Amino acid sequence: MTNAFTRATTTKVTIPPGNIKAIADLEPQALWSQFATLSSIPRPSKQEEAVLSYIKSFADERNLQWKQDAVGNLVVFHPGCGQGKDAPAIIIQGHVDMVTEKNNDSQHNFETDPILLRRFQLDNGENWLGAKGTTLGADNGIGVAAALTLLDTPLNEGDDHHAPLPPLEALFTVDEETGLTGAADLDATVLGLTGKTMLNLDTEEFGELYVGCAGGGHTTISFPFSRGDGCVNGEETPDVVELRVDGLMGGHSGINIHEGRANAVLLCAAAAQAALREEGVNLISITGGDKHNAIPREAKALLAISNPEKTMSVMERIVEDYSSAFKEEYGNLETNLCVRIINTDGDTKKTPLDPASASRLLSMLLALPHGPLKFSHVIPNLVETSNNVASVTISDDDDTATILCSTRSSISPALESTRNRIESIASLAGATAEKSAKYPGWNPDMRSSLLQLSRGIFKEKLSRDPGVKAIHAGLECGLLIEKLGGDVDALSFGPTIEGAHSPDERICIDTVEPFFELVRDILARLAAVR
């Protein structure tokens, strides 16, 4: 699809007054205004129509050509300005979707509600922007906002107010957060992409230039179980209580996986397993986690209890013991960790799993690998291979528990070895495992001319050398380089973002302006290339 034949319907965006106030007087104001606008447009993964419509209208209003492929990826073309018009085209890339995580007490609807921004300052004087009870969407809204700001550069040749700009191919991909599927299905021919130099604006540590990333793939375990006869110790209507683990940090299952953050699904399984050793306690269900790329923050197990007058005191002791043990292990990091029993009316129509099924399910969960499994022998402190036990759900329709694991590795054989290990554990428990197609990593090229240029500019601007790193996360660069023919010189960088993929997500305001200046300076140098 292209606007050579059709124009997008003008999209009006209502920005909450609080969001306007949160970004008031921030620089560069044009970029922050774009971010406030994007924050007001719901854009969950696989539901990006509204934000894509906004970008197309934005392009139409500036007489910029755009093209869109069948899965929704969108390219907006800027012809460049000044002496940069004759330079080779540069791809500026970011993804429009965001992770939709919220606190348990939040009523936010990600399909209809704007993200509500909050601005705050730390004791050390750093200025930050976060959201009220939800993910912020700076991953990757800030990169998209930067690209839109660049596209807003006037077309007037010789404009004294702007540095030369090479032709831009601003690539906005969809559905990055649920497995890079937009990049995986990208049609470079339909999109008209010609650039051989790419700036990916989707990393989260200002002062670091990223030149490589991990590949990955998912494994979905299906665990069939049997339910009992509905009686617990002869009682047909036992009490139902909820064993809940919450208050955890969560976070990105690649970027934060090495930090030792607790996994709510595994903590809940461990406490539930102890509870089931007591007479008169049976498992009805266990659920937790949500996104493949987020470490689970919350999980709960529904337990059927007979003779509650006697059993509840035992349950309370188990919860107290496990709460103390978890806090001893994680308490210095997970300061809000909470394990508790909640009385609930429950749905007594849900029959508990038979003891053998419950035991195998919990044992399988606890046997699955989680966290960093190997560190790189080449790049110090880089996680090479990891696995995230991302979620567990139970379906009452077919008596099946589903467990999702997200595995990452910069070494393809190690990725498959870990997924084979997961499959073996599932098989021992009587479950089956289905592996998704894997996505490629991005191999570092330390001789990259784009890297050398950017390092020099960074040092000129900040009087220090930037770090050069690979990231243990699934950037789209690996897939996009492959889709674009392989001969693409790429670099990824961004401002500082912390707590991505969790309601604690926040962006350091103080790093946004120098980040955008670096983007502009790199483009100004590339504008002189012939």
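Bear in mind the structure is a predicted one, so any value in this text is a computation, not a measurement.
- Checked by atom type and distance alone, the side chain of Gln47 never pairs as donor or acceptor with a backbone atom of Pro42 at under 3.5 Å.
- Residues Asp321 and Ser324 have side chains that never bring a donor and an acceptor to within less than 3.5 angstrom of each other.
- Within the 3.5 Å criterion, the main-chain N or O of Phe35 finds a donor-acceptor partner in the side chain of Ser39.
- By the 4.0 Å N-to-carboxylate-O rule, Arg297 lies close enough to Glu101 to be salt-bridged with it.
- Using a 4.0 Å cut-off between a side-chain N of Lys or Arg and a carboxylate O of Asp or Glu, Asp175 and Lys46 qualify as a salt bridge.
- For the residue pair Gln93/Thr173, the side-chain donor-acceptor check at 3.5 Å is satisfied.
- Panel note: side chain Ser406, backbone His218; no donor-acceptor pair is recorded below 3.5 Å.
- A salt bridge links Asp246 to Arg340: at least one charged side-chain nitrogen sits closer than 4.0 Å to a carboxylate oxygen.
- Ser492 and Thr203 share a donor-acceptor pair across their side chains, judged by distance under 3.5 Å alone.
- Side chains of Gln34 and Tyr54: a donor on one and an acceptor on the other come within 3.5 Å.
- Minimum interatomic distance between Ile425 and Ala367 (heavy atoms only, all atoms of both residues): CD1-O, 3.4 Å.
- In this model, a donor atom of one side chain and an acceptor atom of the other lie less than 3.5 Å apart for Asn387 and Thr407.
- For Lys291 and Thr100, the side-chain atoms include at least one donor-acceptor pair closer than 3.5 Å.
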Taking it one step at a time, do Asn293 and Glu177 satisfy side chain to side chain donor-acceptor pair (under 3.5 Å)?
CA-CA 7 Å; Asn293 51 8; Glu177 298 290 7; 3.0 Å; yes
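- Residue Ala301 comes nearest to Cys268 through the heavy atom pair N-SG, 3.6 Å, listed as atom of the first residue, atom of the second, then distance.
- Looking at every heavy atom in both residues, Pro444 comes nearest to Ala470 through CG-CB, 4.5 Å.
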Applying side-chain contact (heavy atoms from CB on, under 4.5 Å), run through Arg244 and Glu298 and close with a yes or a no.
CA-CA 8 Å; Arg244 172 170 285 275; Glu298 300 174 350; 4.2 Å; yes
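- The main-chain N or O of Ala36 is found under 3.5 Å from a side-chain atom of Ser40 such that the two form a donor-acceptor pair.
- Under 3.5 Å, the side chains of Thr385 and Ser409 contain a donor-acceptor pair of N or O atoms.
- Between the side chains of Asn200 and Glu476, no donor-acceptor pair of N or O atoms lies under 3.5 Å.
- Proximity of Asp202 to Leu475: side-chain heavy atoms (C-beta onward) are separated by under 4.5 Å at one or more points.
- Here the shortest heavy-atom pairing between Asn263 and Val389 reads ND2-O, 2.9 Å.
- Contact check for Leu368 versus Ile403: side-chain heavy atoms found under the 4.5 Å cut-off.
- Panel note: side chain His472, backbone Val383; a donor-acceptor pair is recorded below 3.5 Å.
- More than 12 heavy atoms of other residues, nucleotides or ligands sit less than 6.0 Å from atom CG of Asn109.
- The number of heavy-atom neighbours closer than 6.0 Å to CD of Glu434, taken from other residues, nucleotides and ligands shown, is 12 or below.
- Looking at Asn388, its side chain never comes within 3.5 Å of a backbone N or O of Ser253 through a donor-acceptor pair.
- Annotation: side chain of Met312 is in contact with side chain of Asn343 (closest heavy-atom distance under 4.5 Å).
- Within a 6.0 Å radius of NZ in Lys300, no more than 12 heavy atoms belonging to other residues, nucleotides or ligands are found.
- Contact record, Asn282 with Leu276: C-CD1, 4.2 Å, taken as the closest heavy-atom pair.
- Side-chain contact between Thr402 and Ile394: absent, with no pair of heavy atoms (C-beta onward) separated by less than 4.5 Å.
- For His501 and Asp139, the side-chain atoms include at least one donor-acceptor pair closer than 3.5 Å.
- Residues Glu205 and Lys469 are paired through a salt bridge, judged by an N-O separation under 4.0 Å between the basic side chain and the carboxylate.
- Between the side chains of Thr418 and Arg408, no donor-acceptor pair of N or O atoms lies under 3.5 Å.
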Test Ser412 against Lys438 for side chain to side chain donor-acceptor pair (under 3.5 Å), laying out the working first.
CA-CA 9 Å; Ser412 184; Lys438 64 183 179 182; 2.6 Å; yes
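- The closest donor-acceptor contact from the side chain of Glu498 to the backbone of Ile507 lies at 3.5 Å or more, if one exists at all.
- Counting only distance, with no hydrogens or angles, the side chain of Ser502 and the backbone of Gly499 share a donor-acceptor pair below 3.5 Å.
- When atom types are taken as modelled, the side chain of Ser357 and the backbone of Ser226 share a donor-acceptor pair closer than 3.5 angstrom.
- Residues Glu48 and Arg43 are not paired through a salt bridge, judged by the lack of any N-O separation under 4.0 Å between the basic side chain and the carboxylate.
- A side-chain donor-acceptor contact under 3.5 Å links Asp69 and Asn73.
- There is a side-chain donor-acceptor pair under 3.5 Å between Asp398 and Ser395.
- Residues Lys102 and Thr135 have side chains that never bring a donor and an acceptor to within less than 3.5 angstrom of each other.
- Minimum heavy-atom separation, Ile92 to Ala147: CG2-CB, 3.9 Å.
- Although no hydrogens or angles enter the test, the distance criterion places no donor-acceptor pair under 3.5 Å between the side chain of Lys483 and the main chain of Ala188.
- Inter-residue side-chain proximity for Asn420 and Lys435 is flagged as met; some heavy-atom pair is nearer than 4.5 Å.
- Between Val75 and Trp66 there is no side-chain heavy-atom pair separated by less than 4.5 Å.
- In this structure, the side chains of Ser363 and Gln273 come closer than 4.5 Å at one or more pairs of heavy atoms.
- Ion pairing of Arg317 with Glu320 is absent here, as no side-chain N (NZ or NE/NH1/NH2) approaches a carboxylate O to less than 4.0 Å.
- Between the side chains of Lys56 and Gln68, at least one donor-acceptor pair of N or O atoms lies under 3.5 Å.
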Evaluate the side-chain contact (heavy atoms from CB on, under 4.5 Å) criterion for residues Val144 and Val51: first the C-alpha distance (whole Å), next the side-chain angles of each, then the deciding distance (0.1 Å), finally the verdict.
CA-CA 10 Å; Val144 173; Val51 69; 5.8 Å; no
